[in-house]
Chemist: 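Okay, handing you the structure first.
What you see below is based on every heavy atom in this structure, not just the backbone, and it leaves out hydrogens, waters and symmetry mates. Lettering of chains follows the sequences in order, A, B, ..., and the numbering in each one begins at 1.
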Amino acid sequence: MCKQMPVIALVDCNNFYVSCERVFHPDLEGKPVAVLSNNDGCVVARSAEVKALGVKMGTPAFQCAELFARHKVRVFSSNYTLYGDMSHRVMEVLRESAPRIEVYSIDEAFLDLSGLRAEPALSRSAGIRKTVGKWTGIPVSIGLGPTKTLAKIANRLAKKRPEWNGLFDLTGTDRRKAILKTVPVKEIWGIGPRYARLLQDRGLQSALDLSNCADWWIRKHLTITGLYTVFELRGQPCLDLEPVPAPQKSVACSRSFGSPISELPAIRQALCLYVQQAAVKLRGQGLLAGHIQVFLKTNSFKPGPRHEAHQGRPLPRPTAFTPTLLSKAREILEVLYRPGHAYQKAGVILSELKPASTRQLSLFDPDQEQQSRENKLMQALDRLNSKYGQDTVRIGLTGDSRKSWEMRRDRLSRRFTTAWDELPQAG
DNA sequence: TCTGGGGTCCTAGGACCC
DNA sequence: TCTGGGGTCCTAGGACCC
């Protein structure tokens, strides 16, 4: 008996951030809406109406200002607290809909629909769309395929024509070739702009062309991951569904400054805040870091002296203790900083992570008592900040008013679904 | 003048993703 | 005036060892 062909569904929320905003502003249905990245830098989500205006993903916000004004586009700063919570709701519904699911990103999940004999996968997917819409208010599209890569392609197609009702099926082999011929290589999951250009220069235009390419050439120019993509296009699964997320390998916090900074004390202050936020994330996941890296850069879009530098240091022992991380970070910053540059961005990356619970505790370790004091202190700090709002208690930072380097979030919506709703209204 | 070969570990850089 | 942030994986090349 031959093995049953797997059926993978990719469920993807339509214009997710825009849809989240619309759930709480029903009057925005059918109106043009855009959501900006952190720092109000670029457009990261567009309603269908904004896409129709020709605004591309990632366009700098200032380049769209006039167009947005002219078409009365409602613009929001990104509100990740809201989106994270809405994402959680969607994923809970999906978990009820399939025996195995992989949450792939804030707005996407792979579902394993193999062997669900009772209902054909396509009609089941129609049911899932309906349920998610009814329970969360978020519209989704679903693509089906025998591999993740084909499910991704099917999902893109599902969004292409309204008459397909947000569903597309690439599980069957009969029309697959004809369809892959219409898919440009740059739209394949795993093929970014560099590889797309390389392929096009070789005369490979479509997903079908790529799937027909010689394995050795792909292996040589697109590495082993590119070869997996090609196998998956041919219907041969290489990328497993991963219901349990792999442990995270790094935790980072970086920001562009609201305006460029040249003076060391101001940069130090910004970096301190980033370190504290990274440390909060670290502890929130019950992790310790064994390595810290700091970076600093000027704006590469601007003329003038450029400087970009990063440097890492091992930590004497794995830790999530903010003061230890702060002093190491400051130490590195002193080395990286050069006077006379208008810095635009800084950040910290914590890596070599391990769970706090498995760290060796020796009974006679003289450090142990101190470590236990450190843990208690950090627990108290995290409790205060989670109860009274992030950054109620900061280490080594004065709490005075908004700094020049703090990011712009001028068009933030309210945090409808979570507590501590102290933030400004949408503008 | 001649100047191996193979293994491991580490890092920087380049590609990708959402 | 104004161009995000947070991740992952792979490879090449250097250092080091026997």
Chemist: Please determine, for the side chain of A/Lys281, which listed nucleotide (C/dG7, C/dG4, C/dC9) has the closest atom?
Modeler: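 The closest nucleotide is C/dG7.
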
Chemist: Can a side chain N or O of A/Arg219 be found less than 4.0 Å away from OP1 or OP2 on C/dT11?
Modeler: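 Yes, A/Arg219 has a side-chain N/O under 4.0 Å of OP1/OP2 on C/dT11.
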
Chemist: How long is the line joining OH of A/Tyr80 and C1' of C/dG4, in whole Å?
Modeler: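 Atom-to-atom, A/Tyr80 to C/dG4, this comes out as 7 Å.
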
Chemist: Expressed in angstrom and rounded to an integer, what is the separation of A/Asn38 atom CG from C/dG5 atom P?
Modeler: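 So the two atoms are 6 Å apart, to the nearest Å.
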
Chemist: Among the nucleotides C/dT8, C/dT3, C/dG4, which one has an atom lying closest to any side-chain atom of A/Pro60?
Modeler: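 Shortest atom-to-atom distance from the side chain points to C/dT3.
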
Chemist: Could you state the atom-to-atom distance from CD1 of A/Ile224 to P of C/dA12 in whole Å?
Modeler: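 The distance from CD1 of A/Ile224 to P of C/dA12 comes to 12 Å, rounded to the nearest Å.
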
Chemist: Hey, does the side chain of A/Lys345 come within less than 4.0 Å of C/dG5's phosphate (OP1/OP2), counting only N and O?
Modeler: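 A/Lys345 to C/dG5 OP1/OP2: side-chain N or O found under 4.0 Å.
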
Chemist: Report the distance from atom CG of A/Asp240 to atom C1' of C/dC9, rounded to the nearest whole Å.
Modeler: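 Atom-to-atom, A/Asp240 to C/dC9, this comes out as 16 Å.
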
Chemist: Decide if atom OH of A/Tyr228 counts as having more than 12 heavy atoms of other residues, nucleotides or ligands within a radius under 6.0 Å.
Modeler: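 Open: at most 12 neighbouring heavy atoms sit under 6.0 Å from OH of A/Tyr228.
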
Chemist: Could you pick out which residue, A/Gln248 or A/Tyr228, lies toward the 5' side of DNA chain C when each is mapped onto its nearest nucleotide?
Modeler: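 Its nearest nucleotide lies further toward 5', so the answer is A/Gln248.
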
Chemist: Using atom CD of A/Glu66 as one end and atom C1' of C/dT1 as the other, report the distance to the nearest whole Å.
Modeler: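 It is 16 Å, rounded to the nearest whole Å.
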
Chemist: With heavy atoms under 4.0 Å as the rule, sort A/Ala252 into base, sugar-phosphate or nothing.
Modeler: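 If one applies the 4.0 Å heavy-atom cut-off, A/Ala252 turns out to touch the sugar-phosphate alone, with no base involved.
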
Chemist: Protein within reach of the bases, or only the backbone? For nucleotides 13-18 of chain B, mark each nucleotide 5' to 3' as B, S or -, using heavy atoms under 4.0 Å.
Modeler: --SSSS

Chemist: Within 45° of the ring axis of A/Tyr343 and under 6.0 Å from its six-membered ring centre, is that where the NZ or CZ of A/Lys297 lies?
Modeler: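 That pair does not qualify as a cation-pi contact.
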
Chemist: Of A/Trp189, A/Phe110, A/Phe168, which is the lone residue that meets side chain to side chain contact (heavy atoms under 4.5 Å, CB included) with A/Leu10?
Modeler: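 Of the listed options, the one satisfying the test is A/Phe110.
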
Chemist: Students often get this wrong, so: under 4.0 angstrom with heavy atoms, is A/Lys220 touching a base, only sugar-phosphate, or nothing?
Modeler: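 A/Lys220: no heavy atom of the nucleic acid under 4.0 Å.
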
Chemist: Counting side-chain heavy atoms from CB outward, which of C/dC9, C/dG5, C/dT11 is closest to A/Ser254?
Modeler: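 Closest nucleotide to the A/Ser254 side chain: C/dG5.
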
Chemist: Name the stems with DNA chain B in them: runs of three or more consecutive Watson-Crick or G-U pairs, distances under 3.5 Å?
Modeler: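 Detected stem regions: B:5-18 with C:5-18.
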
Chemist: When rounded to the nearest Å, what value does the distance between P atoms of C/dC18 and B/dT3 take?
Modeler: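 Taking atom P in both C/dC18 and B/dT3, they lie 23 Å apart.
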
Chemist: With a 4.0 Å cut-off, would you call A/Arg74 and A/Glu21 a salt bridge?
Modeler: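 No.
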
Chemist: Could you tell me whether A/Lys148 and A/Glu232 have a side-chain N and a carboxylate O separated by less than 4.0 Å?
Modeler: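 Judged by the 4.0 Å cut-off on N to carboxylate O distance, A/Lys148 and A/Glu232 do not form a salt bridge.
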
Chemist: Are A/Ser256 and C/dG5 close enough that a side-chain N or O sits under 4.0 Å from OP1 or OP2?
Modeler: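 It does, given that an N or O in the side chain of A/Ser256 lies less than 4.0 Å from OP1 or OP2 of C/dG5.
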
Chemist: Without decimals, in angstroms, what is the distance between A/Gln277 CD and C/dG5 C1'?
Modeler: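 A/Gln277 atom CD is separated from C/dG5 atom C1' by 12 Å.
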
Chemist: For the side chain of A/Ser37 and the backbone of A/Asp40, is there at least one donor-acceptor N/O pair under 3.5 Å apart?
Modeler: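 The answer is no, because no donor-acceptor pair under 3.5 Å joins these two groups.
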
Chemist: So which heavy atom on A/Asp107 is nearest to which on A/Met91, and how close?
Modeler: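 The answer is C-CE, 4.3 Å.
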
Chemist: When you check the phosphate oxygens OP1 and OP2 of C/dT8, does a side-chain N or O of A/Ser250 lie under 4.0 Å from one of them?
Modeler: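 Affirmative; the distance criterion is met.
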
Chemist: Counting side-chain heavy atoms from C-beta on, which of C/dG7, C/dT1, C/dC10 comes nearest to A/Thr223?
Modeler: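 My answer, after comparing the listed nucleotides, is C/dC10.
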
Chemist: Can you check whether A/Gln63 has a side-chain N or O nearer than 4.0 Å to OP1 or OP2 of C/dC2?
Modeler: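 No, no such contact exists.
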
Chemist: I'd like to know whether the aromatic ring centres of A/Tyr80 and A/Tyr17 sit less than 6.0 Å apart in this structure.
Modeler: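 Centroid distance A/Tyr80-A/Tyr17: below 6.0 Å, so yes.
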
Chemist: Heavy-atom nearest nucleotide on DNA chain C for A/Phe62 versus A/Thr225: which residue maps closer to 5'?
Modeler: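 The residue whose closest nucleotide sits nearer the 5' end is A/Phe62.
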
Chemist: Give the rounded distance in Å between these two atoms: CD of A/Gln344 and C1' of C/dG5.
Modeler: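 The answer, rounded to whole Å, is 12 Å.
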
Chemist: From CD of A/Glu352 over to C1' of B/dC9, roughly how many Å is that when rounded to an integer?
Modeler: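 Distance check: A/Glu352 CD to B/dC9 C1' gives 13 Å.
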
Chemist: From the set C/dT1, C/dG5, C/dG4, return the single nucleotide nearest to any side-chain atom of A/Lys302.
Modeler: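 Selected nucleotide (nearest to the side chain): C/dT1.
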
Chemist: Between A/Arg197 and A/Asp201, is there a salt bridge with N-O shorter than 4.0 Å?
Modeler: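 No, A/Asp201 and A/Arg197 are not salt-bridged.
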
Chemist: Distance between the C1' atoms of C/dC2 and B/dC16, in whole angstroms?
Modeler: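 28 Å, rounded to whole Å.
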
Chemist: State whether the side chain of A/Arg124 and the backbone N or O of A/Leu113 hold a donor-acceptor pair below 3.5 Å, judged by distance alone.
Modeler: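 Between the backbone of A/Leu113 and the side chain of A/Arg124 there is no qualifying donor-acceptor contact (under 3.5 Å).
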
Chemist: Salt-bridge test for A/Asp240 and A/Arg100: reply yes if a basic N is under 4.0 Å from a carboxylate O, no otherwise.
Modeler: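 So A/Asp240 does not pair with A/Arg100 through a salt bridge.
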
